[in-house]
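Take a look at the structure below.
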Amino acid sequence: SKKKGLSFEEKRARMMEIFFETKDVFQLKDLEKIAPKEKGITSMSVKEILQSLVDDGMVDTDRIGTSNYFWAFPSKALHARKRKLEELESQFAESSQKKEALQKSIEKSKIGREDTAERAALLKEVAALRQKKEQLKSEIDKYRECDPDVVEEMRQTNQVAKEAANRWTDNIFSIKSWAKRKFGFEESKIDKGFGIPEDLDYID
């Protein structure tokens with residue numbers, strides 16, 4: 001029996017299979033006939049799926065005369081994924097360097113030095129790196145259907161970044177604990193004074 005209720009990403013993956021398996025050039029009307037029969041994609045959703053693949057640069061298109069033609073070859077898709085992976089790896093390396101530099105700054109700040117501006121800057125960097133991590137995670141999810149091996153590699157790298165962020169959060173909690181013991185500050189006042197979010201917590 002045919003699988004029902006395909007997700008949007010499953011439809012995209014199956015549409016790419018049509019191009020990769022045939023290595024042919026199609027018009028929209030051709031795909032609206034082929035996709036339902038061979039891949040279980042409803043003809044009404046073919047145009048939307050195709051446009052999303054074109055927007056992401058996974059399918060090429062050109063107008064010849066009065067007709068639009070669409071095509072996609074495995075070699076181009078592989079090169080595109082490799083380039084994307086290289087970009088993500090570079091961004092992860094950059095984030096890792098920033099994390100190490102900031103970690104050193106946090107360690108120095110434990111030695112009884114009260115520098116509100118410095119701590120505010122560190123917390124700002126924490127938020128920026130967390131936002132960057134979420135952006136990278138979104139990029140990884142976007143390419144999930146293309147290459148499981150590449151995605152698994154990126155997921156492992158993302159796990160390293162998550163663990164680093166949690167260690168960083170642990171350091172902030174340690175600083176708060178030290179400040180409470182040494183100066184008798186209330187936790188709410190520490191949070192307010194140094195701009196620490198009330199919902200700061202470890203990443204699951």
**Prompt:** Yes or no on side chain to side chain contact (heavy atoms under 4.5 Å, CB included) for Val59 and Leu50, after CA distance, side-chain angles and deciding distance?
**Reply:** CA-CA 8 Å; Val59 171; Leu50 189 59; 4.2 Å; yes

**Asked** Would you call Ile49 and Leu31 a side-chain contact if the rule is heavy atoms closer than 4.5 Å?
**Response** no

**Pairing residues for Ser96 by the side chain to side chain donor-acceptor pair (under 3.5 Å) criterion, not counting sequence neighbours** = none

**Prompt:** Leu122 and Trp168: which non-hydrogen atoms are nearest, and at how many Å?
**Reply:** O-CZ2, 4.4 Å

**Message:** Testing the basics here: between Tyr69 and Trp71, what is the closest heavy-atom pair and its distance to 0.1 Å?
**Reply:** O-CZ3, 3.7 Å

**Prompt:** Same cluster or not: are Val160 and Val126 linked, directly or through other Ile, Leu, Val, Met, Phe, Trp or Tyr residues, by side-chain heavy atoms under 4.5 angstrom apart?
**Reply:** no

**Message:** Using the side chain to side chain contact (heavy atoms under 4.5 Å, CB included) definition, which of the options Thr42, Ile41, Val46 pairs with Glu32?
**Reply:** Val46

**Prompt:** After noting the C-alpha distance and the side-chain angles of Gln51 and Lys47, does the key distance pass the side chain to side chain contact (heavy atoms under 4.5 Å, CB included) rule?
**Reply:** CA-CA 6 Å; Gln51 187 59 52; Lys47 186 175 181 180; 5.6 Å; no

**Message:** Please find the pair of heavy atoms, one from Ala72 and one from Met16, that lie closest to each other, and give the distance.
**Reply:** CB-CE, 4.1 Å

**Request:** Indicate yes or no: does Glu134 engage Lys137 in a salt bridge with an N to O separation below 4.0 Å.
**Result:** no

**Fill in**
To the nearest 0.5 Å, atom OG of Ser95 lies from atom CZ of Arg130 at 13.5 Å

**By side chain to side chain donor-acceptor pair (under 3.5 Å) - contacts of Lys39 (at least two apart)** = Glu17, Glu21

**Prompt:** Rounded to the nearest 0.5 Å, what separation is found between the NZ atom of Lys33 and the CD atom of Gln27?
**Reply:** 10.0 Å

**Message:** Hydrophobic clusters here meaning ILVMFWY residues chained together by side-chain heavy-atom distances under 4.5 Å, can you tell me if Ile64 and Phe73 are in one?
**Reply:** yes

**Message:** Can you tell me how far apart CE (Met58) and CE (Met15) are? Round to the nearest 0.5 Å.
**Reply:** 11.5 Å

**Asked** Can you name the one residue among Glu9, Arg12, Lys11 that meets side-chain hydrogen bond (donor to acceptor under 3.5 Å, both in side chains) with Ser52?
**Response** Arg12

**Item:** Distance in Å, Asp55 CG paired with Thr61 OG1, rounded so as to fall on 0.5 Å steps
**Value:** 10.5 Å

**Request:** Please report the C-alpha distance between Asp30 and Asp24 in whole Å, then the side-chain angles of each, then the deciding distance to 0.1 Å, and finally whether the side chain to side chain contact (heavy atoms under 4.5 Å, CB included) criterion is met.
**Result:** CA-CA 11 Å; Asp30 300 325; Asp24 206 348; over 6 Å; no

**Message:** Let me confirm one number: the NZ-CG distance from Lys132 to Leu136, rounded to the nearest 0.5 Å.
**Reply:** 5.5 Å

**Message:** Which heavy atom of Phe19 sits nearest to which heavy atom of Phe70, and what is that distance?
**Reply:** CE2-O, 3.6 Å

**Message:** I need the minimum non-hydrogen distance between Pro36 and Ser43, along with the two atoms involved.
**Reply:** CG-N, 3.7 Å

